[in-house]
Visitor: 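A single structure is presented below for examination.
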Amino acid sequence: CSSDLFVLIEFFDAQGINIPKAKEKKIEGAFFKEDFRRAPINEIGTITYNNKALDAYAEGFEKLLRIRNSPRQFKIVIDYAYAVSGAVLPHLLSKLDCDVVVLNASLRQTPPSRSDREELLTQLGSVVAALKANLGVQMAANGEQLVVVDEMGQPIQGERLTALMVEISLSANPRGLVVSPVQGSSAIDLIAQRHHAQVIRTKANPTALMEACCKNFGVVMGGSANTGFIFPQLHPGFDAMVSIAKLIEALALKPQTLSELTAGLPQVYYRTEHMRCPWNQKGTLMRHLVETHPTEQLELIDGVKIKHLTKPNHWLLVLPDADEPLIHLVANGCDRHWVDQILQDYRHRLQVYESLEESLELSLDGSSP
């Protein structure tokens with residue numbers, strides 16, 4: 001078996017929301033320790049399939065959209081990147097009277113690597129521009145995330161895509177609620193101000209996003225480009241197919257191209273970096289940051305967000321990784337120089353602190369009998 005292949009098992013609660021990380025860890029621990037009772041043959045359950053699930057999804061999908069028989073016919077290019085979303089999406093897009101061009105729809109046992117996907121994205125942009133399509137979309141293998149290409153063949157991804165989805169959602173639903181993870185860019189807040197809307201920030205994990213979308217009344221959209229986008233009126237999961245339909249809906253209701261919509265988004269500079277950090281230093285590092293900054297400068301939803309006291313929408317987030325011995329540094333601001341400088345300063349600051357901690361541990365070990 002190739003080392004590149006693995007099995008992903010996800011557990012959901014009764015509402016269809018991912019179980020919390022703590023429960024995942026308990027299940028993993030019990031599984032690997034084999035700390036569970038073996039079920040006798042007569043107690044083993046059965047696997048059932050809901051044959052009407054796709055029909056119910058398609059019905060809810062259609063009800064969610066506000067366009068019927070649009071006077072404009074849209075041409076879109078879908079790159080399935082050798083994944084399985086092609087089984088459902090064409091039927092749904094036919095209801096929107098779209099001319100769909102499909103790329104890479106065959107299935108492969110081995111998913112494309114990151115470099116492969118980047119090459120496919122370049123190819124997608126060229127095809128969109130050549131065919132004069134309205135937009136292109138590259139789907140993730142799980143049908144949850146997507147990358148969008150505008151009519152000029154330019155990719156829209158990351159926080160730029162998140163801002164675009166927030167803009168079209170709040171344009172259609174002013175004064176609504178948007179749910180975003182703590183590391184989401186301040187472009188989301190600026191767009192919400194335009195539409196007299198509110199933003200709810202959550203921890204940086206899928207479960208927190210899904211729960212906030214379902215528990216708060218008036219949420220029109222949640223998520224980010226990294227995790228996917230949630231439209232709780234349909235279901236609590238991340239759904240790239242609804243995201244595509246919402247983009248088409250926005251183009252149908254506004255006499256603008258996708259590049260024009262994107263050009264109207266707030267200009268925010270956003271950068272991320274990653275640093276190695278031993279597991280046993282993560283807690284002390286977070287505590288050190290809290291203790292060395294004024295309380296009014298801190299936001300502790302997840303990790304430590306350090307806000308500039310006089311510059312709105314300028315902040316740095318130090319976020320421990322949940323699965324790897326890493327910390328993520330996220331800088332956001334309206335000034336590119338400030339963003340670059342704050343990342344450099346805190347990267348150096350954290351490296352010095354980690355070195356001091358390691359030296360202290362070595363000296364304590366050396367002094368022990």
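Values below: all heavy atoms of this structure, side chains included; hydrogens, waters and symmetry mates excluded. Position 1 is the first residue of the sequence; numbering continues from there.
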Visitor: What I want to check is whether the side chains of H314 and D335 have a donor and an acceptor closer together than 3.5 Å.
Guide: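 Side chains of H314 and D335: no pair found under 3.5 Å.
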Visitor: Does NZ belonging to K23 count more than 12 external heavy atoms closer than 6.0 Å?
Guide: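 No, because the 6.0 Å sphere around NZ of K23 holds 12 heavy atoms or fewer from other groups.
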Visitor: Run the salt bridge (Lys or Arg N to Asp or Glu O under 4.0 Å) test on E273 and R271 for me, step by step, so that the C-alpha distance in whole Å, both residues' side-chain angles and the decisive distance to 0.1 Å come before the verdict.
Guide: CA-CA 7 Å; E273 288 189 4; R271 279 189 56 198; 2.8 Å; yes
Visitor: If we ignore hydrogens and angles and just use 3.5 Å, is the side chain of E260 paired with the main-chain N or O of T257 as donor and acceptor?
Guide: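 Here the side-chain-to-backbone pair exists.
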Visitor: Is it the case that more than 12 heavy atoms not belonging to R349 sit under 6.0 Å from its CZ atom?
Guide: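 Count over threshold, so yes.
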Visitor: If you count every heavy atom of other residues, nucleotides or ligands that lies below 6.0 Å from F31 atom CZ, does the total exceed 12?
Guide: no
Visitor: If we ignore hydrogens and angles and just use 3.5 Å, is the side chain of T272 paired with the main-chain N or O of V330 as donor and acceptor?
Guide: no
Visitor: Tell me yes or no: between the side chains of D116 and S113, is some donor less than 3.5 Å from an acceptor?
Guide: yes
Visitor: Might you work through the side-chain contact (heavy atoms from CB on, under 4.5 Å) test for H293 and L289, ending with a clear yes or no?
Guide: CA-CA 6 Å; H293 290 83; L289 290 171; 4.0 Å; yes
Visitor: Assigning hydrophobic clusters by single linkage (Ile, Leu, Val, Met, Phe, Trp, Tyr; side-chain heavy-atom cutoff under 4.5 Å), is V352 placed with L350?
Guide: no
Visitor: So do P181 and S224 actually touch side chain to side chain, heavy atoms under 4.5 Å?
Guide: yes
Visitor: Do you see a donor-acceptor pair shorter than 3.5 Å between the side chains of S259 and Q154?
Guide: no
Visitor: Determine, for R194 against E167, whether the closest basic-nitrogen to carboxylate-oxygen distance falls under 4.0 angstrom.
Guide: yes
Visitor: We want to know whether D345 and Q341 form a side-chain donor-acceptor pair, criterion being a heavy-atom distance below 3.5 angstrom.
Guide: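 Yes.
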Visitor: Please list, chain by chain and in numerical order, all residues satisfying ring-ring contact (aromatic ring centres under 6.0 Å, His included) with H195, sequence neighbours excluded.
Guide: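 In terms of ring-ring contact (aromatic ring centres under 6.0 Å, His included), with neighbours along the sequence ignored, H195 is linked to no residue.
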Visitor: Look up atom CG in L177 and atom SG in C213, then write down how far apart they are to the nearest 0.5 Å.
Guide: 10.0 Å
Visitor: Quick one: do F11 and E24 satisfy side-chain contact (heavy atoms from CB on, under 4.5 Å)? Show the steps, please.
Guide: CA-CA 8 Å; F11 293 89; E24 282 185 4; 5.7 Å; no
Visitor: Could you check whether any side-chain N or O of D99 sits under 3.5 Å from a backbone N or O of F74, counting only pairs where one atom can act as donor and the other as acceptor?
Guide: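 Pair absent, no side-chain N/O of D99 close to backbone of F74.
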Visitor: Under 4.0 Å between a Lys/Arg side-chain N and an Asp/Glu carboxylate O for R37 and E43?
Guide: yes
Visitor: Mark yes or no: K305 above the aromatic ring of W315, with NZ or CZ under 6.0 Å from the six-membered ring centre and no more than 45 degrees from the axis.
Guide: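 Positive - K305 is close enough to the ring of W315 and near enough to its axis.
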Visitor: Is the number of heavy atoms from other residues, nucleotides or ligands within 6.0 Å of CD (Q198) greater than 12?
Guide: no
